[in-house]
Visitor: 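This structure is in structure tokens; I'll ask about it shortly.
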Protein chains: 2
Amino acid sequence: MNKNNITEAIKAKQERVKSDYDLCDNFHLSEEEKQSIGELSQVKNYKKGTVLLREGEYPTTCYLILKGLVRQYYLVDGEEKTIFFFAEDDSITSSTNANQRISSKFYLECIEDCELSQMNYENELELYRRIPRIEKLCRLSLEEKLANYQEMFAQFMVSSPEERYKNLMITRPDLLNRVPQYQLASYLGVKPESLSRIRKRIAAQG
Amino acid sequence: MNKNNITEAIKAKQERVKSDYDLCDNFHLSEEEKQSIGELSQVKNYKKGTVLLREGEYPTTCYLILKGLVRQYYLVDGEEKTIFFFAEDDSITSSTNANQRISSKFYLECIEDCELSQMNYENELELYRRIPRIEKLCRLSLEEKLANYQEMFAQFMVSSPEERYKNLMITRPDLLNRVPQYQLASYLGVKPESLSRIRKRIAAQG
């Protein structure tokens, strides 16, 4: 594997995750099942700046992003460390939902006006009860997400900030215009000044 | 959150993952169900140095470590980048098992003599068919693993190599003696010479 291959691998994964959603589409939900999902979830609009989850709170809700951008970050010694941006069609599993014994260590913030389909934990369990094969889909989707995080982690370990930025230009070009620079810098693991320099260098290279 | 809190959070998570295994113990498997698991899995011994999975191969097997240590690493531009060590009671999900359309990007290597309980993909599916609630357990366990990776990633982003080493002394002291120094260095994101210096500095601090 070389660094370019990692980029390709991540793109392939992204396509594969999409294909899991297709699998969901091809899942042939009956009208009754679709009605169940509609009953158990709700679509809500959130203004830019809304914090969906704070450090210390107990997560109770999972989300599917219909429109907008949500940032996941940790606050470490007063400094925000962004680790992920969720965009359209991404789902956000509050991993600690499961038995709610542990409070969140991170924040979830809408960094654009968002339209989210959301479901609380009780309804999630009820959904699995009504449509057990949905739980299989969730397991598959979690396996994909885990693989994505592992590769993201490996890639972060092996790349310079400039390489990370170039990689982002290929894998998630939408983020470059949608995300404030200081958040993008934190995601790349650099100070905003360094990000500025990286952008200038890349622009100079054409 | 401060850096110490991250360490505490990871320890708490580790305990929580253990409690999921307890949940598994308290799962009240019937004799028939235990027999199914026995039929569908097998215990195998591997010599130190055995590579269980290579980049480019299609993963077909999941493992539970009964004894030994397995290293997960990427080979990037010829350099090994270790991202995880699996020890006793850890399970290794070959995340790309699910529909086997994507080959592995990483390696799995026994770095001690290992005793593993293993199950191939077909048997895994058969197990879910025979005991559907096992799939729920897998979903819960995957949620935990995902949360662990997210925190590991966040922690890697915010820590210096020396802080990472100190953190390891608290969260996984067993690794420090069991893992060769060059692999430990790669896991901490430094060259072996730097790891040497870090150890000397910490020893001098008492």
Visitor: If we ignore hydrogens and angles and just use 3.5 Å, is the side chain of A/Asp90 paired with the main-chain N or O of A/Ala87 as donor and acceptor?
Guide: yes

Visitor: Above 12 or not: heavy atoms from other molecules or residues under 6.0 Å from CD of B/Gln205?
Guide: yes

Visitor: Let me know if A/Phe84 has heavy atoms under 4.5 Å from chain B in its side chain, its backbone, both or neither.
Guide: neither

Visitor: Select one option (side chain, backbone, both, neither) describing which atoms of B/Tyr187 are under 4.5 Å from chain A's heavy atoms.
Guide: backbone

Visitor: Quick check on B/Gln72 against chain A: is it the side chain, the backbone, both or neither that has a heavy atom closer than 4.5 Å?
Guide: side chain

Visitor: Is a salt bridge present between A/Lys105 and A/Glu55, judged by a nitrogen-to-oxygen distance below 4.0 Å?
Guide: no

Visitor: Among B/Glu163, B/Glu193, B/Arg164, B/Glu162, which one satisfies side-chain contact (heavy atoms from CB on, under 4.5 Å) with B/Ile198?
Guide: B/Glu162

